[in-house]
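The block underneath contains the structure these notes are about, expressed in structure tokens.
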4 protein chains.
Amino acid sequence: MSRNKIIEAAARMFSRSGYHRTSMDEIALEAGVAKGTLYYHFPGKAQMFQALITEGLQKITETIRSEIDRDRSLREQIETVIRLNVDLYLEYSELAHIFFNEISNGIEEEALLAVRKERSAYIQFIADILVEAGIPPEEGPLAAAGFLSMMNGLCSYYLSRSNEVKREQIDRLLYASVTAVLSPT
Amino acid sequence: MSRNKIIEAAARMFSRSGYHRTSMDEIALEAGVAKGTLYYHFPGKAQMFQALITEGLQKITETIRSEIDRDRSLREQIETVIRLNVDLYLEYSELAHIFFNEISNGIEEEALLAVRKERSAYIQFIADILVEAGIPPEEGPLAAAGFLSMMNGLCSYYLSRSNEVKREQIDRLLYASVTAVLSPT
Amino acid sequence: MSRNKIIEAAARMFSRSGYHRTSMDEIALEAGVAKGTLYYHFPGKAQMFQALITEGLQKITETIRSEIDRDRSLREQIETVIRLNVDLYLEYSELAHIFFNEISNGIEEEALLAVRKERSAYIQFIADILVEAGIPPEEGPLAAAGFLSMMNGLCSYYLSRSNEVKREQIDRLLYASVTAVLSPT
Amino acid sequence: MSRNKIIEAAARMFSRSGYHRTSMDEIALEAGVAKGTLYYHFPGKAQMFQALITEGLQKITETIRSEIDRDRSLREQIETVIRLNVDLYLEYSELAHIFFNEISNGIEEEALLAVRKERSAYIQFIADILVEAGIPPEEGPLAAAGFLSMMNGLCSYYLSRSNEVKREQIDRLLYASVTAVLSPT
DNA sequence: TATGAATGAGGGTTCATTCAT
DNA sequence: TATGAATGAACCCTCATTCAT
């Protein structure tokens, strides 16, 4: 079906050039369909982006959840969450970047709200894991937001200076931060 | 002089609506000058943004440096760095957001590089403080990048949910993270 | 049969939103058929409009003719023509409006000509009645065109200002105009 | 100034092809300016149309008013109003047609209201003249609307069948109608 | 007889930038 | 030093129509 081709093409293009730099023409070209086809499947650019985020996050949360279940110790669980998030970020860096940060720009209001909701849900998803790991419940979402942003920043830095930084450092710094928050002095 | 009026107007508008949502017309209107005047003082929008960032950061680094000098203990210095950064972020949130994240969009290459350089310099500036505070030198920049991003995320979250979160929590979480990195287990 | 459902749906939609504001999607939706079905029954939008007009007018002229036959006096006949025309206009205002005026827009040439022909025929139909009522034959069509347009304008005005105008005024003004033309000073 | 060139070009194009059939590209081409220039002078197509109508009507009402003042008898005044309106209609037929009828289509709400207001004002302007000539005040606007629509229809018919109809017939029919309304039986 | 996914030409609009004054 | 009219490439979106099933 061309809907999938479009979603995938859009993910590629957004991840490569960002939301605004990617034109509908380019997405159509990349997907190998006519421009009008985009509008047959999605009401507009913003809603396409929204669908892409929603459907992507669903897969991601499912993956993380199932991987965590296999782990025994708390430490392993946290390490898995970190590892999977970093993996995903490094693979879809630009898209993840948009998801975490760039949202507020020129996206249509309704779709923007939907994406924000998606983001809140993901933050809550991470927060729940942190709470289970021992963080005070009322601080969970904030800590999760901080964790994800930090990851975002570390990965960005890593991608632009991969010669100076090793991948392990990212995981280690994140792990240190998280455990610091878990058992505050 | 018009130049200052423009810089200030641009800072206000960018901070209010973001880089792309702010048009040159709006900046001219806000500054109370004609559109052409913008191009008399700056080669283009990107360069105006760059000037704004450069000049703003100069003031900021100076402020932080002088405030730190007054502190005695290491702990006080770190707390000051955190406090000042959070203060600035909360005041110029959107602008800070752009500075830390949104850079990759549709900004002209050359100016983009210049802004990235500024950002690297600021990260290095924070890194130097962290190194002085005990972090291994080769990890300074990455840790600083992580710290700034985390602050970014925490403040964003705080701004959108100020009823659920207290300002103190931000500082505390940041402090915990930083110290965790300073003395890894 | 689908064809009828489509014609009726189209009449409703055109009457509600006008020819151009009504999309083929909307007609299909209103008719409860798939979009492709429209093109199974009609070569295109314009031809659908044309069919709608042709078939509608046939019913209308038959109605008027049979109603007139029952009347005895000239005065009654004229009053009946006026009353029926106004009734129809007020019921299918937008459609009637299109029929009388809006034809010249973006309708395909051939269908446009067909609709114009229908309109001429209807004008001639009214003209014949007027001639029978005493108007000079060479002036019949022009007078009929004037009569129909006037009705059009009066009804439009009435529909937009129904609180200021009474339905009877329309009929009265039309009657006065017609009789003035019948027996010029 | 190019604003005038644009208004004139738009009047020509709208008058030739109607509002919807005329694209902004065509107007720009006809005016000899770049497309963007249209948007420098007008917020959009609808507002351009609105400006065109407003400014045109101003000239027209002024012309009619000054010409009427020279006439002595009531009869002359009415004849003048008829003559000038018909003249104008025949010169800018399509534009006048749009002004009187096509308004309701795909024009932006706000501009649409403005044009409707303009039309109401013009109807009132004609109504005032009719009232002065003896028509009951509460019937003035309706009669004026009827008069203008009739003129519209007669002129349209004349333009499409100029070989069958003489210009004088239009004026005569209109005069007969008006006087019939002035002194109802 | 009916479907609906796919098309692509065409339309209105935005906006950073230029330049004569 | 400053202006603002003019530009035009780029963009998002609409919609009548086609066609394989």
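These values consider heavy atoms only, across backbone and side chains, with no hydrogens, waters or symmetry-generated copies. We name chains A, B, ... by the order of the sequence lines, and we start the count at 1 in each one. Keep in mind it's a predicted model, so treat the numbers as computed, not measured.
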Starting at CZ of Phe49(A) and ending at P of dC12(F), how long is that distance when rounded to a whole Å? 14 Å

Within the structure, does a side-chain N or O atom of Ser2(D) lie under 4.0 Å from either OP1 or OP2 of dA6(F)? yes

Separation of atom CZ in Phe42(B) from atom P in dT3(F), rounded to whole Å: 14 Å

The answer to which of Val33(D) and Leu38(B) contacts DNA chain F further toward the 5' end, by nearest nucleotide, is Leu38(B)

Between Gln47(D) and Gln47(B), whichever has its closest DNA chain E nucleotide further toward 5' is Gln47(D)

Euclidean distance, atom NE2 of residue His20(A) to atom C1' of dT14(E) [Å, nearest integer]: 13 Å

To the nearest Å, how far apart are Lys5(C) NZ and dT1(E) P? 14 Å

On DNA chain F, check which nucleotide each of Met24(C) and Met1(B) is closest to and give me the residue with the more 5' one. Met1(B)

Thr37(C) vs dT3(E): side-chain N/O to OP1/OP2 distance below 4.0 Å: yes

Is there a donor-acceptor pair under 3.5 Å between the side chain of Thr22(A) and the backbone N or O of Met13(A)? yes

Rounded off to whole Å, could you give me the OH-to-C1' distance for the Tyr40(B) and dT21(E) pair? 15 Å

With distance as the sole test, does Lys45(D) use its side chain to make a donor-acceptor pair with the main-chain N or O of Tyr19(D) at under 3.5 Å? yes

To the nearest Å, give me how far apart CE (Met13(C)) and C1' (dC15(F)) are. 14 Å

Please report, rounded to the nearest Å, how far the C1' atom of dC12(F) is from the CD1 atom of Ile27(A). 11 Å

From CE of Met48(A) across to P of dC12(F) the rounded distance in Å is 9 Å

Should dA16(E) form a Watson-Crick or G-U wobble pair with both distances under 3.5 Å, which nucleotide is its partner? dT7(F)

It should be established whether Tyr39(D) places a side-chain nitrogen or oxygen under 4.0 Å from OP1 or OP2 of nucleotide dT13(E). yes

Hey, does Gly44(B) reach any base, or is it just sugar-phosphate, or nothing, if we go heavy atoms under 4.0 Å? sugar-phosphate

Could you tell me if Glu110(D) and Gln50(D) have a donor-acceptor pair between their side chains, going purely by distance under 3.5 Å? no

What's the closest nucleotide to the Lys45(A) side chain, out of dA16(F), dC13(F), dG4(F)? dC13(F)

Distance check: side-chain N/O of His41(C) vs OP1/OP2 of dA2(E), anything under 4.0 Å? yes

Is any N or O donor-acceptor pair between the side chain of Lys35(C) and the base of dT17(F) shorter than 3.5 Å? yes

Whichever of Pro43(B) and Ser23(D) has the more 5' nearest nucleotide on DNA chain E, that residue is Ser23(D)

Could you check whether the rings of Tyr89(C) and Phe100(C) sit parallel, tilted or perpendicular, using 30° and 60° as the cut-offs? parallel

Which pair of non-hydrogen atoms, one from Pro43(C) and one from Gln47(C), has the smallest distance, and what is that distance? CD-CB, 3.7 Å

